[in-house]
Amino acid sequence: MSAASGALEGGRAVVTGGSRGIGRAIAEQLAAAGCSVVVGGRDAEALLQTVKAIESAGGTASAVGLDVTDDDSVSAFAAAAVDALGGPPTVLVNNAGVYKAGRFEDIPMAEWQRVMDVNLFGIVRVTQAFLPGMVEAGGGNIVNIASSAGKWASLYQSPYNASKHAVIGLTRCLALENAKTGVVVTAVCPGFVDTGLLLESELADVYGMTKEGLREMAETRSPIGRLTTPDEVAELVLYLSGPGAAPATGQSYSITGGLLFV
């Protein structure tokens with residue numbers, strides 16, 4: 001964990017999709033910066049591994065099961081998180097998401113609905129559950145994990161691309177509505193990140209290449225010559241979780257290694 005110790009001392013953070021990859025890195029850095037952290041997700045064992053890593057580094061964390069597509073699950077998660085933290089979060093990171101690649105004409109409506117339900121409506125559900133408490137407490141920071149695919153076109157990724165465009169639009173609207181409440185709302189837009197998600201996806205098959213070839217292509221297309229790491233994404237989230245982020249409300253920040261089009 002590379003976060004400055006104590007930078008957010010006394011903060012209360014909630015991270016959805018906190019069991020692995022970007023979500024885990026975010027949870028670890030928020031804890032290292034002084035936040036008590038609640039991580040939510042569907043993989044109980046993986047969530048516990050995140051908690052153990054944070055606790056072994058001297059931080060405070062707890063895990064609560066969460067399915068962002070289920071209203072009752074989100075309500076129960078929010079109640080448990082507020083109880084564990086001793087109050088509403090000062091930082092909410094909406095990181096839970098799914099990915100789908102394929103040619104537009106080959107993707108069934110059920111897959112479109114699944115991607116939108118997790119990537120967009122999941123953020124809506126979770127934010128609606130926590131926002132009133134944050135407003136009542138006088139403010140906080142909401143960081144939505146979007147994607148560079150939410151800013152530009154991306155080949156053979158139409159459901160994912162559309163969902164992430166929607167996340168950026170939602171971020172702007174939430175920021176505008178809450179500009180006077182003290183709640184700062186921003187989005188982070190990673191490009192190719194070294195999480196395994198890229199190689200586990202169908203994108204290599206759609207492109208007609210091996211998974212190793214897909215990784216090589218992603219590295220070659222990045223001006224810095226490599227994939228972004230989860231810790232690098234987390235460092236940007238950490239800044240946007242702090243008091244200095246207020247003037248940035250409504251903005252969506254690319255972290256792509258200089259890559260403009262995905």
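This structure is a prediction, so every number in the text was calculated from the model and none was measured. Just so you know, these numbers use all the heavy atoms, side chains as well, and skip hydrogens, waters and symmetry mates. This chain uses plain numbering: 1 for the first residue, then up along the sequence.
Judged as a side chain to side chain donor-acceptor pair (under 3.5 Å), and not counting sequence neighbours, Glu177 has no contacts. Shown here are the salt bridge (Lys or Arg N to Asp or Glu O under 4.0 Å) partners of Asp205, two or more places apart in sequence or in another chain: there are none. Ser163 meets the side chain to side chain donor-acceptor pair (under 3.5 Å) test with Asn119; sequence neighbours excluded.
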- What's the verdict on side-chain contact (heavy atoms from CB on, under 4.5 Å) for Leu227 and Glu219, showing C-alpha distance, side-chain angles and the deciding distance? CA-CA 6 Å; Leu227 304 183; Glu219 292 173 338; 4.0 Å; yes
- Message: Test side-chain contact (heavy atoms from CB on, under 4.5 Å) on Arg24 and Gln49; report intermediate values, then the result.
- Response: CA-CA 9 Å; Arg24 175 168 173 165; Gln49 292 304 313; 4.0 Å; yes
- Go through the steps for Phe77 and Val38 under the test side-chain contact (heavy atoms from CB on, under 4.5 Å), then give the verdict. CA-CA 10 Å; Phe77 172 76; Val38 170; 4.0 Å; yes
- Item | Test side-chain contact (heavy atoms from CB on, under 4.5 Å) applied to Val37 and Thr60, step by step | CA-CA 6 Å; Val37 179; Thr60 301; over 6 Å; no
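Using a distance-only test at 3.5 Å, with no hydrogens or angles considered, no donor-acceptor pair links the side chain of Asp106 to the main chain of Gly102. Glu9 places no side-chain N or O within donor-acceptor distance of the main-chain N or O of Cys35, the cut-off being under 3.5 Å. Under the 3.5 Å distance criterion, the side-chain polar atoms of Thr181 are left unmatched by any main-chain donor or acceptor of Val135. Using a distance-only test at 3.5 Å, with no hydrogens or angles considered, no donor-acceptor pair links the side chain of Arg12 to the main chain of Thr90. Remark: the backbone N or O of Glu232 is not paired with any side-chain donor or acceptor of Glu235 at under 3.5 angstrom. At distances below 3.5 Å, at least one donor-acceptor pair connects side-chain atoms of Tyr239 with backbone N or O atoms of Gly244. A distance-only check finds no donor-acceptor pair linking the side chain of Ser254 to the backbone of Thr256 [under 3.5 Å]. Between the side chain of Asp43 and the backbone N or O of Ala46, at least one donor-acceptor pair lies under 3.5 Å.
Across all non-hydrogen atoms, the minimal contact from Pro89 to Val14 is CB-CG2, 3.9 Å. Thr249 approaches Ala175 most closely through the heavy-atom pair OG1-CB, 3.3 Å. Minimum heavy-atom separation, Arg42 to Leu66: CG-O, 3.2 Å. Nearest heavy-atom pair, Ala78 versus Phe130, reported as atom, atom and distance to 0.1 Å: CA-CZ, 3.5 Å. Contact between Tyr253 and Ala248 at its shortest, heavy atoms only, is OH-CB, 3.0 Å. The minimum heavy-atom distance linking Ala162 with Met116 is given by the pair C-SD, 4.4 Å.
Checked by atom type, the side-chain pair Tyr156/Glu202 shows no donor-acceptor distance below 3.5 Å. For the residue pair Asn94 / Thr127, a side-chain donor-acceptor distance below 3.5 Å is found, with atom types taken as modelled. Side chains of Ser252 and Lys151: no donor on one and acceptor on the other come within 3.5 Å.
Put simply, the side chain of Arg215 does not reach to within 4.5 Å of the side chain of Lys211, judged on heavy atoms. Annotation: side chain of Val143 is in contact with side chain of Ser241 (closest heavy-atom distance under 4.5 Å). Side-chain atoms of Leu259 and Arg221, non-hydrogen and from C-beta on, do get closer than 4.5 Å to each other. Here the side chains of Leu131 and Asn178 are in contact, with some heavy-atom distance below 4.5 Å. Side chains of Asp231 and Gln29 form a contact here, defined as non-hydrogen atoms less than 4.5 Å apart. The side-chain heavy atoms of Gln157 and Lys100, taken from C-beta on, include no pair separated by under 4.5 Å. Contact check for Val68 versus Val118: side-chain heavy atoms found under the 4.5 Å cut-off.
Screening residues 60-80 for salt bridge (Lys or Arg N to Asp or Glu O under 4.0 Å) gives Asp71-Arg125 as the qualifying pairs, with residues at least two apart or on separate chains.
Taking a 6.0 Å sphere around CD of Glu216, one finds it holds 12 or fewer heavy atoms contributed by other residues, nucleotides or ligands. Within a 6.0 Å sphere centred on CZ of Arg114, other residues, nucleotides and ligands contribute more than 12 heavy atoms.
Only one option out of Leu92, Asn141, Ile142, Leu240 pairs with Val185 in a side-chain contact (heavy atoms from CB on, under 4.5 Å); it is Ile142.
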Would you give me the side-chain donor-acceptor pairs under 3.5 Å for residues 164-171, sequence neighbours excluded?
from	atom 1	to	atom 2	distance (Å)
Lys164	NZ	Ile145	O	3.1
His165	ND1	Ala149	O	3.2
His165	ND1	Gly150	O	3.4
His165	ND1	Asn161	O	3.1
His165	ND1	Asn161	OD1	2.9
His165	NE2	Gly150	O	3.4
Thr171	OG1	Asn144	ND2	2.9
Thr171	OG1	Val167	O	2.8

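Clustering of Ile, Leu, Val, Met, Phe, Trp and Tyr by side-chain heavy atoms under 4.5 Å joins Ile107 with Phe104, Met109, Trp112.
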